[in-house]
Amino acid sequence: MVQASKIKKNSVLDIAGKLHIVDTITCQSPSARGGSTLYKIRTRDLITGQKTDHSFKSDEMLKEGEYEKRPVEFSYIEGSNYIFMDLETYDQFELNLDFIGDDKNFLLEGMELTALLIDGAVKTVTLPDTVQLTVTECDPSIKSASATARTKNAVLETGYNLQVPEYLESGELIKVDTRSGEFISRAK
């Protein structure tokens with residue numbers, strides 16, 4: 001059992017006897033005294049892929065789903081299927097773009113990930129919290145005296161668009177948060 005306030009993205013929950021993976025979490029604090037904090041959680045059914053929205057009070061207890069984790073490597077894309085290789089058995093498996101979702105923006109060939117297996121079948125893969133990606137193109141910097149931190153649009157090697165600080169150039173390696181899709185820093 002886990003408290004609603006302790007749930008994180010990619011957690012697996014048993015809701016009404018079905019396994020769901022957490023896609024997004026938003027927190028709503030009450031405006032009145034005595035009100036409890038609400039957690040709005042969007043989950044995806046691991047069997048059907050159907051998305052569902054749930055609301056839980058912060059102290060509400062939820063049942064965690066039973067699953068197995070296994071290291072995998074992303075190999076390549078074939079049509080709308082993403083091909084992965086199990087690093088323990090060297091078996092290949094594929095997941096459809098519907099199950100990959102927005103995580104496709106952060107996948108590179110050869111990247112090591114974690115697969116979630118339920119009853120021996122791979123249901124989804126989870127990304128690390130941060131990844132290092134190369135900026136392939138970005139808007140030019142505007143040279144002027146400014147006291148504010150300005151940003152500009154950039155395209156990463158996966159085709160993902162995001163806002164980066166104005167000082168970054170094409171070809172630089174940056175760290176990106178896979179949970180929010182935001183720029184963190186230059187990669188070292």
Side-chain angles (χ1 to χ4, degrees), residues 4-12 20-29 37-44 49 51-54 69-85 87 94-116 122-188:
S5 61
K6 305 264 192 260
I7 294 173
K8 297 184 179 184
K9 184 178 178 191
N10 292 324
S11 296
V12 177
H20 293 256
I21 188 163
V22 176
D23 280 341
T24 59
I25 303 167
T26 54
C27 178
Q28 284 186 333
S29 296
T37 303
L38 280 179
Y39 286 86
K40 295 192 180 263
I41 300 172
R42 174 167 282 173
T43 63
R44 182 171 31 94
K51 293 187 178 189
T52 312
D53 291 327
H54 308 274
K69 287 185 176 183
R70 191 172 291 166
V72 297
E73 182 179 283
F74 174 56
S75 297
Y76 58 94
I77 301 170
E78 186 176 279
S80 64
N81 292 325
Y82 286 68
I83 313 301
F84 298 87
M85 181 178 65
L87 293 175
E94 58 186 54
L95 290 174
N96 193 290
L97 178 59
D98 297 336
F99 280 93
I100 299 296
D102 291 337
D103 290 350
K104 69 178 185 208
N105 297 320
F106 310 107
L107 283 175
L108 289 175
E109 289 182 12
M111 179 182 280
E112 288 191 25
L113 310 160
T114 303
L116 298 181
V122 176
K123 297 300 180 183
T124 191
V125 293
T126 58
L127 293 169
D129 291 344
T130 62
V131 292
Q132 294 184 5
L133 298 169
T134 304
V135 176
T136 55
E137 60 182 82
C138 60
D139 297 338
S141 308
I142 300 171
K143 304 240 189 242
S144 64
S146 174
T148 60
R150 295 191 303 203
T151 61
K152 61 183 179 180
N153 190 49
V155 180
L156 302 180
E157 59 190 303
T158 59
Y160 181 62
N161 286 300
L162 78 158
Q163 293 293 307
V164 297
E166 198 172 276
Y167 58 81
L168 284 177
E169 306 276 332
S170 292
E172 289 197 62
L173 193 62
I174 62 170
K175 273 187 175 180
V176 180
D177 187 328
T178 59
R179 297 162 296 187
S180 64
E182 295 175 352
F183 169 83
I184 297 175
S185 67
R186 281 183 170 145
K188 294 177 178 143

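Keep in mind that what you see is a predicted model, and the values were worked out from it rather than measured. FYI, side chains are in, hydrogens and waters are out, and symmetry mates aren't considered; it's all heavy atoms of this structure.
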Could you tell me whether the side chain of [Y] reaches within less than 4.5 Å of the side chain of [X], counting heavy atoms only?
| X | Y | result |
| --- | --- | --- |
| V135 | V155 | no |
| K40 | I25 | no |
| Q163 | N153 | yes |
| V164 | K152 | yes |
| S29 | L38 | no |

*On the 0 to 90° scale, with breaks at 30° and 60°, tag the F74-F84 ring pair as parallel, tilted or perpendicular.*
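If you compare the ring of F74 with that of F84, the planes turn out tilted.
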Could you pull out the closest heavy-atom pair between [X] and [Y], with the gap in Å?
| X | Y | answer |
| --- | --- | --- |
| L162 | E182 | CD1-C, 4.0 Å |
| Y160 | G181 | OH-O, 3.0 Å |
| L173 | Q132 | CD2-OE1, 3.5 Å |
| T134 | E157 | N-OE2, 2.7 Å |
| V176 | L156 | CG2-CD1, 3.9 Å |
| L116 | V12 | CD1-CG2, 3.6 Å |

Supply the atom-to-atom distance [X] [atom1] to [Y] [atom2], rounded to the nearest 0.5 angstrom.
| X | Y | atom1 | atom2 | result |
| --- | --- | --- | --- | --- |
| S75 | E94 | OG | CD | 11.5 Å |
| E166 | C138 | CD | SG | 10.0 Å |
| K104 | L97 | NZ | CG | 5.5 Å |
| L95 | Y82 | CG | OH | 11.0 Å |
| K175 | F183 | NZ | CZ | 10.5 Å |
| R44 | H20 | CZ | NE2 | 11.0 Å |

_Set out, in order, the CA-CA distance, both residues' side-chain angles and the distance that settles side-chain contact (heavy atoms from CB on, under 4.5 Å) for F106 and L133, then state yes or no._
CA-CA 8 Å; F106 310 107; L133 298 169; 4.1 Å; yes
*Is it true that D23 and R42 make a salt bridge, defined as a side-chain N closer than 4.0 Å to a carboxylate O?*
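No, no charged N to carboxylate O under 4.0 Å.
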*Just wondering, more than 12 heavy atoms not from N161 lying within 6.0 Å of its CG?*
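Result for CG/N161: enclosed.
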_Go through it in stages, so that I can follow the logic: the residues are E172 and Y167, the test is side-chain contact (heavy atoms from CB on, under 4.5 Å), and I'd like the CA-CA distance, side-chain angles, deciding distance and then a yes or no._
CA-CA 11 Å; E172 289 197 62; Y167 58 81; 5.5 Å; no
*Would you mind telling me which of V125, I77, L127, T178 makes a side-chain contact (heavy atoms from CB on, under 4.5 Å) with L107?*
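Running side-chain contact (heavy atoms from CB on, under 4.5 Å) over V125, I77, L127, T178 with L107 returns exactly one hit, L127.
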